[in-house]
S.K.: 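This structure is in structure tokens; I'll ask about it shortly.
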Amino acid sequence: MRCRGIRHMSINHHLQCISLLRDCKTLSHLKQIHAHASKTGLDADPLIAGKLLLLAATTLADALDYSRRLFSHIPSPDPFMYNTLIRGLSESDHPHHSLLTYNQMRRDSVPPDSFSFAFVLKAAANCKSPNVGWQLHSHVIHHGFESHLFVGTTLVSMYAERGCLASARKAFDDIPQPNVVAWNAIVTACFRVDDVEGAERLFERMPWKNSTSWNVMLAGYTKAGELGSARSLFLSMPNKDAVSWSTMITGFASNGLFGDAFGFFRELLREGCRPNEVSLTGVLSACAQAGALESGKILHAHIEKAGLGSIISVGNALLDMYARCGGILMASRVFDWEMEKKSIVSWTSMIAALAMHGYGEEAIQLFHKMEEHRMRPDGITFISVLYACSHSGLMEQGHKFFQEMESTYGIERSIEHYGCMVDLYGRAGLLDKAYEFITNMPMKPNAIIWRTLLGACSIHGNVRLAEHVREKLSELDPSDSGDYVLLSNIYAVAGKWKDVASVRRSMSEQRIQKTPGWSSIEVDKVVYTFVASDDISDVKEEAHKKLTEVMLRLKMEGYVPEIMSVLHDVEEEEKEDAILRHSEKLAVAFGLARMHGESVIRIVKNLRICPDCHTVMKLISKVYKREIVVRDRSRFHSFSEGSCSCRDYWEQLKS
DNA sequence: CTAGGGTTAG
């Protein structure tokens with residue numbers, strides 16, 4: 001009788017436990033259930049243990065460590081349990097651990113099945129080291145799974161991730177009857193290695209297509225910069241879904257074609273589609289990049305009306321849009337009042353926003369506030385914090401954060417963090433210290449590191465070190481036009497005209513094209529982009545006319561063009577003409593012509609503002625009594641009453 | 001329990 005009683009009770013417990021697990025939503029909840037199960041010995045039940053593990057490894061957030069501990073207490077895990085853990089770890093931040101679990105499975109003589117391979121290959125795709133992929137492929141063949149549809153498809157996408165098109169193709173050919181998913185994976189593999197024609201051929205040959213097939217083509221075209229093909233394919237698509245629209249919006253925005261990105265968004269609304277969080281973040285990112293504050297504000301109203309403001313990614317994109325459009329107050333308002341839920345991205349974005357606007361101290365304060373809210377910083381948070389320190393000259397603080405991020409926070413320092421330190425020392429003028437720091441780095445310095453030091457050489461006019469850096473850069477990345485421009489400016493400032501000419505010569509010998517500079521300005525919710533080129537348009541002519549008038553007035557106020565920074569082997573008059581054509585000058589002139597006297601003129605430039613334009617902006621702010629905000633490649637410049645918020649970074653260049 | 005497309009921070 002007693003025995004039956006216990007048995008009866010345990011069945012009840014069993015059912016109760018399963019029903020509890022079904023409603024389990026958080027890690028602490030799971031821990032309670034687990035404790036409860038251990039008390040009654042139910043945690044040894046394979047079904048319960050499996051369900052606990054599945055929840056911890058795949059469904060719940062932040063429960064992966066717990067799932068590994070759970071797993072370690074299971075005496076003889078069945079294949080399902082191994083697979084569950086392999087799966088959970090494969091999508092984690094440490095895909096490497098997934099491979100370790102797979103190895104353990106083999107050591108424990110539990111034969112891997114098709115599920116094990118599908119999961120572990122995904123881990124390999126997310127993993128850095130290239131050799132594991134080949135090894136796993138040989139295991140797949142050894143166990144006879146190479147013709148398995150799912151395993152084969154994962155192999156294809158793993159090789160696609162690696163950029164090994166030939167291997168991806170072999171894996172694809174091993175699949176006897178590839179379905180549409182497998183076809184989409186091999187098309188993606190072609191785009192990954194920029195084989196657009198290969199992708200097109202496969203797309204034609206596909207026995208049948210779903211909407212993803214078309215979307216893969218759209219994404220591939222936009223990533224390859226073939227926007228014309230993307231557009232015409234999009235027009236010919238039978239069924240455009242939400243992803244198709246988002247792909248077009250983000251694809252055009254990431255190629256700098258913000259007007260087209262807005263256009264697709266408007267079209268989406270016209271077609272009666274409801275924008276989702278992805279299309280909204282895409283179009284907000286276009287506003288952010290173009291500096292289109294007015295358009296961004298309209299979207300903000302749209303988002304509030306549609307009640308989408310509570311979606312974290314939308315809030316993050318909104319905050320970022322305001323920050324990049326110079327609206328730091330609006331950005332902090334969104335952050336403080338409109339985002340009920342915040343993620344690490346929200347906090348990091350706000351820290352970066354403050355840093356971008358030169359509020360280094362406030363950025364650090366916010367970092368500490370974030371800690372009080374028990375939000376754990378990640379590697380990117382530290383990039384923003386270090387950026388804040390270097391742009392506000394907070395040397396001690398920056399140094400401390402750099403030390404603590406590893407010792408106290410346990411975050412591995414990446415090359416980007418080292419780059420921030422080079423920038424910190426370099427901006428402060430400690431060039432030798434920056435150089436020494438680079439030589440003692442635990443990893444090989446890349447071109448970005450040296451380029452940062454070259455930038456510092458340019459600020460502080462150090463020709464000797466710049467020449468040394470030039471050699472490093474010519475080994476690592478000899479085709480970056482920005483490096484040549486920077487170097488020739490350093491020579492020009494030092495009056496070394498022969499060297500300027502030689503840099504210029506090597507540029508043309510190696511057929512290196514300067515990155516075309518553009519500046520954009522939003523007037524009446526329309527974004528106008530100016531490029532220093534020979535083409536003519538009505539808008540450009542209007543800007544040019546106004547600019548001539550402005551420059552005349554500035555000259556009467558005593559302005560002398562700074563032609564030093566312009567390449568030196570052209571005639572004086574041509575030089576003046578060249579700096580007159582700078583896109584930021586055209587944009588500001590256009591703003592003066594078209595915008596009424598009270599409004600702030602906001603300009604976005606894709607490169608760094610040139611010293612002459614910087615001076616001109618200061619003068620205009622004084623003579624015309626206008627506030628001008630220029631966002632360039634690295635920061636905001638806010639001009640008013642003849643001075644700039646960047647504390648005249650450029651003055652050092654001239655002295 | 002499995003595979004493919006679009007997403008914000010540097």
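Nothing here was measured: the structure is a model prediction, and the numbers come from that model. Every chain is numbered from 1 and lettered A, B, ... according to where its sequence line falls, protein lines coming before strand lines. These values consider heavy atoms only, across backbone and side chains, with no hydrogens, waters or symmetry-generated copies.
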S.K.: Quick one: pull up CD in A:E412 and CZ in A:F382 and give me the separation to the nearest 0.5 Å.
M.R.: 14.0 Å
S.K.: Reading DNA chain B 5' to 3', which nucleotide is the first, and which the last, to come under 4.0 Å of any heavy atom in chain A?
M.R.: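 Extent of the interface on DNA chain B: B:dC1 to B:dG10.
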S.K.: A:T212 near the nucleic acid: base, sugar-phosphate alone, or nothing, with a heavy-atom cut-off under 4.0 Å?
M.R.: base
S.K.: Can you tell whether the side chains of A:D194 and A:K223 come within less than 4.0 Å, N to carboxylate O?
M.R.: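 The answer is no: the pair does not qualify as a salt bridge.
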S.K.: Any base atoms under 4.0 Å from A:V216, or only sugar-phosphate, or nothing? Heavy atoms, all strands.
M.R.: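 A:V216: backbone/sugar contact only, no base atoms under 4.0 Å.
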S.K.: Which parts of residues 309-322 of chain A get close to DNA chain B, meaning a heavy atom less than 4.0 angstrom away?
M.R.: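 Here the set is A:S313, A:N316, A:D320.
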S.K.: Across the strands shown, which category fits A:N276 at heavy-atom distances under 4.0 angstrom: base, sugar-phosphate, nothing?
M.R.: base
S.K.: With the threshold set at 4.0 Å, does a side-chain nitrogen-carboxylate oxygen contact exist between A:D174 and A:K170?
M.R.: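 No, A:D174 and A:K170 are not salt-bridged.
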S.K.: With a 4.0 Å heavy-atom cut-off, tell me which residues in residues 110-126 of chain A come close to DNA chain B, sorted by residue number.
M.R.: A:F115, A:A118, A:F119, A:K122
S.K.: With distance as the sole criterion, is a donor-acceptor pair present between the side chains of A:T381 and A:T348 under 3.5 Å?
M.R.: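 Per modelled atom types, A:T381 and A:T348 side chains form a pair under 3.5 Å.
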S.K.: For A:K51, answer base if it contacts any base atom (sugar-phosphate contacts may also be present), sugar-phosphate if it contacts only those atoms, and nothing otherwise; contact means non-hydrogen atoms under 4.0 Å.
M.R.: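 The residue A:K51 makes no contact with any strand.
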S.K.: Report the distance from atom CE of A:M81 to atom CZ of A:F71, rounding to the nearest 0.5 Å.
M.R.: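 Those atoms lie 8.5 Å apart.
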S.K.: To the nearest 0.5 Å, what is the distance between CE (A:M421) and OG1 (A:T452)?
M.R.: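 With rounding to 0.5 Å, CE (A:M421) is 13.0 Å from OG1 (A:T452).
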S.K.: Of the non-hydrogen atoms in A:G398 and A:L386, which two are nearest, and what is the gap between them?
M.R.: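 Closest heavy-atom pair between A:G398 and A:L386: O-CD2, 3.5 Å.
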S.K.: Any side-chain donor paired with an acceptor under 3.5 Å for A:H357 and A:R635?
M.R.: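 Distance-only check fails for A:H357 and A:R635.
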S.K.: Taking the cut-offs as 6.0 angstrom to the six-membered ring centre and 45 degrees off its axis, would you call A:K209 and A:W183 a cation-pi pair?
M.R.: no
S.K.: Is it true that the side chains of A:Y359 and A:Q365 contain a donor and an acceptor less than 3.5 Å apart?
M.R.: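 Absent: no donor and acceptor within the cut-off.
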S.K.: So what does A:F80 hit on the nucleic acid, given a heavy-atom distance under 4.0 Å: a base, only sugar-phosphate, or nothing?
M.R.: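 Base, at least one base atom sits under 4.0 Å.
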S.K.: Under 3.5 Å, is there a donor-acceptor pair linking the side chains of A:D241 and A:N215?
M.R.: yes
